[in-house]
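For reference, the structure is listed below as structure tokens.
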Amino acid sequence: DAKTTQPNSMESNEEEPVHLPCNHSTISGTDYIHWYRQLPSQGPEYVIHGLTSNVNNRMASLAIAEDRKSSTLILHRATLRDAAVYYCILRATMDSNYQLIWGAGTKLIIKP
Amino acid sequence: GAGVSQSPSNKVTEKGKDVELRCDPISGHTALYWYRQSLGQGLEFLIYFQGNSAPDKSGLPSDRFSAERTGGSVSTLTIQRTQQEDSAVYLCASRRTGNEQFFGPGTRLTVL
């Protein structure tokens, strides 16, 4: 399985944009890039996913490098409620189980 | 509508006892996953159910772990002869179609 590398933690100021990086140098052409986040004492929640093109939704934007070996989750204006562990995960489109292989993620700390 | 629910929210048991953890997925979701999460770690896949197909049990760590899903809805994860290393948060997720998995709040299991 292709793996992802993320920083253990990041800090950001409230109401500023946050860029969370993820490296996936061994990604294959059929792997989707997923992002989930886990707020304290809660189950994970879906944030966004993409394949090749940049994606936007109400929660965040996903910027995917042209060679697809890295991606960046962008929170446009962080709030204290965005403090969570953010997971970058690859899923093979040929995997009918939609199984996700989770790493340790990035702990995002938001400073007021 | 209601999300994924899990019960109990917390379970403390003695080493050697059996435990049952319950998951109620979102109505209409045909796929159901069980994961476990040790403190400060990412999620570890345990088992996957999809409709009436045979479950994917490839993540179960030992034969003390088993799960069933009755009527394509509620699922029960059973751990027999619990050990201290079984202590973790057990998370359930369901999915209808597409990529997004919806997670429950988890059951925190503590084996004394």
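So you know, we letter chains A, B, ... as the sequences are listed, proteins then strands, and number each from 1.
- Contact annotation: the side chain of A:I48 never approaches that of B:E100 to less than 4.5 Å [non-hydrogen atoms, C-beta and beyond].
- Most heavy-atom pairs under 4.5 Å with chain A: of the set B:A31, B:G42, B:G40, this distinction falls to B:G42.
- Here the two rings, on B:F103 and A:W102, have centers that are under 6.0 Å apart.
- Following chains of ILVMFWY side-chain contacts shorter than 4.5 Å, one can reach A:L75 starting from A:M10, so the two form part of one hydrophobic cluster.
- For chain A, no part of B:F102 is nearby; none of its heavy atoms comes within less than 4.5 Å.
- For B:Q101, the parts sitting under 4.5 Å from any heavy atom of chain A are the backbone and the side chain alike.
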Side-chain atoms of residues 55-72 of chain B: list all donor-acceptor pairs with protein atoms under 3.5 Å, sequence neighbours left out, distances to 0.1 Å.
from: B:D56; atom 1: OD1; to: B:S58; atom 2: N; distance (Å): 3.0
from: B:D56; atom 1: OD1; to: B:S58; atom 2: OG; distance (Å): 2.7
from: B:D56; atom 1: OD2; to: A:N97; atom 2: ND2; distance (Å): 2.7
from: B:S62; atom 1: OG; to: B:R64; atom 2: N; distance (Å): 3.2
from: B:R64; atom 1: NH1; to: B:Q80; atom 2: O; distance (Å): 3.1
from: B:R64; atom 1: NH1; to: B:R81; atom 2: O; distance (Å): 3.2
from: B:R64; atom 1: NH1; to: B:D86; atom 2: OD2; distance (Å): 2.8
from: B:R64; atom 1: NH2; to: B:D86; atom 2: OD1; distance (Å): 3.0
from: B:R64; atom 1: NH2; to: B:D86; atom 2: OD2; distance (Å): 3.2
from: B:R69; atom 1: NE; to: B:G72; atom 2: O; distance (Å): 3.3
from: B:R69; atom 1: NE; to: B:S73; atom 2: O; distance (Å): 2.9
from: B:R69; atom 1: NH1; to: B:T30; atom 2: O; distance (Å): 2.6
from: B:R69; atom 1: NH2; to: B:H29; atom 2: O; distance (Å): 2.9
from: B:R69; atom 1: NH2; to: B:G72; atom 2: O; distance (Å): 2.8

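- Atom-to-atom distance recorded for A:L100:CG and B:Y35:OH is 4.5 Å, nearest 0.5 angstrom.
- B:Q37 touches chain A through its side chain: at least one heavy atom from C-beta onward sits under 4.5 Å away, while N, CA, C and O do not.
- One finds the OH atom of A:Y36 at 10.5 Å from the CG atom of B:L43 (value rounded to the nearest 0.5 Å).
- Here the closest heavy-atom approach between residue B:L91 and residue A:G43 is recorded as CD2-CA, 3.8 Å.
- Counted within 6.0 Å of CD on B:E85, heavy atoms from surrounding residues, nucleotides or ligands total more than 12; the atom is thus considered enclosed.
- For A:R68, the CZ atom is densely surrounded, since the number of other residues' heavy atoms within 6.0 Å is greater than 12.
- Linking Ile, Leu, Val, Met, Phe, Trp and Tyr whenever their side-chain heavy atoms come within less than 4.5 Å leaves B:I79 and B:F45 in two separate clusters.
- Shown here is A:I109, whose CD1 atom has more than 12 heavy atoms of other residues, nucleotides or ligands within 6.0 Å.
- More than 12 heavy atoms of other residues, nucleotides or ligands sit less than 6.0 Å from atom CG of A:D67.
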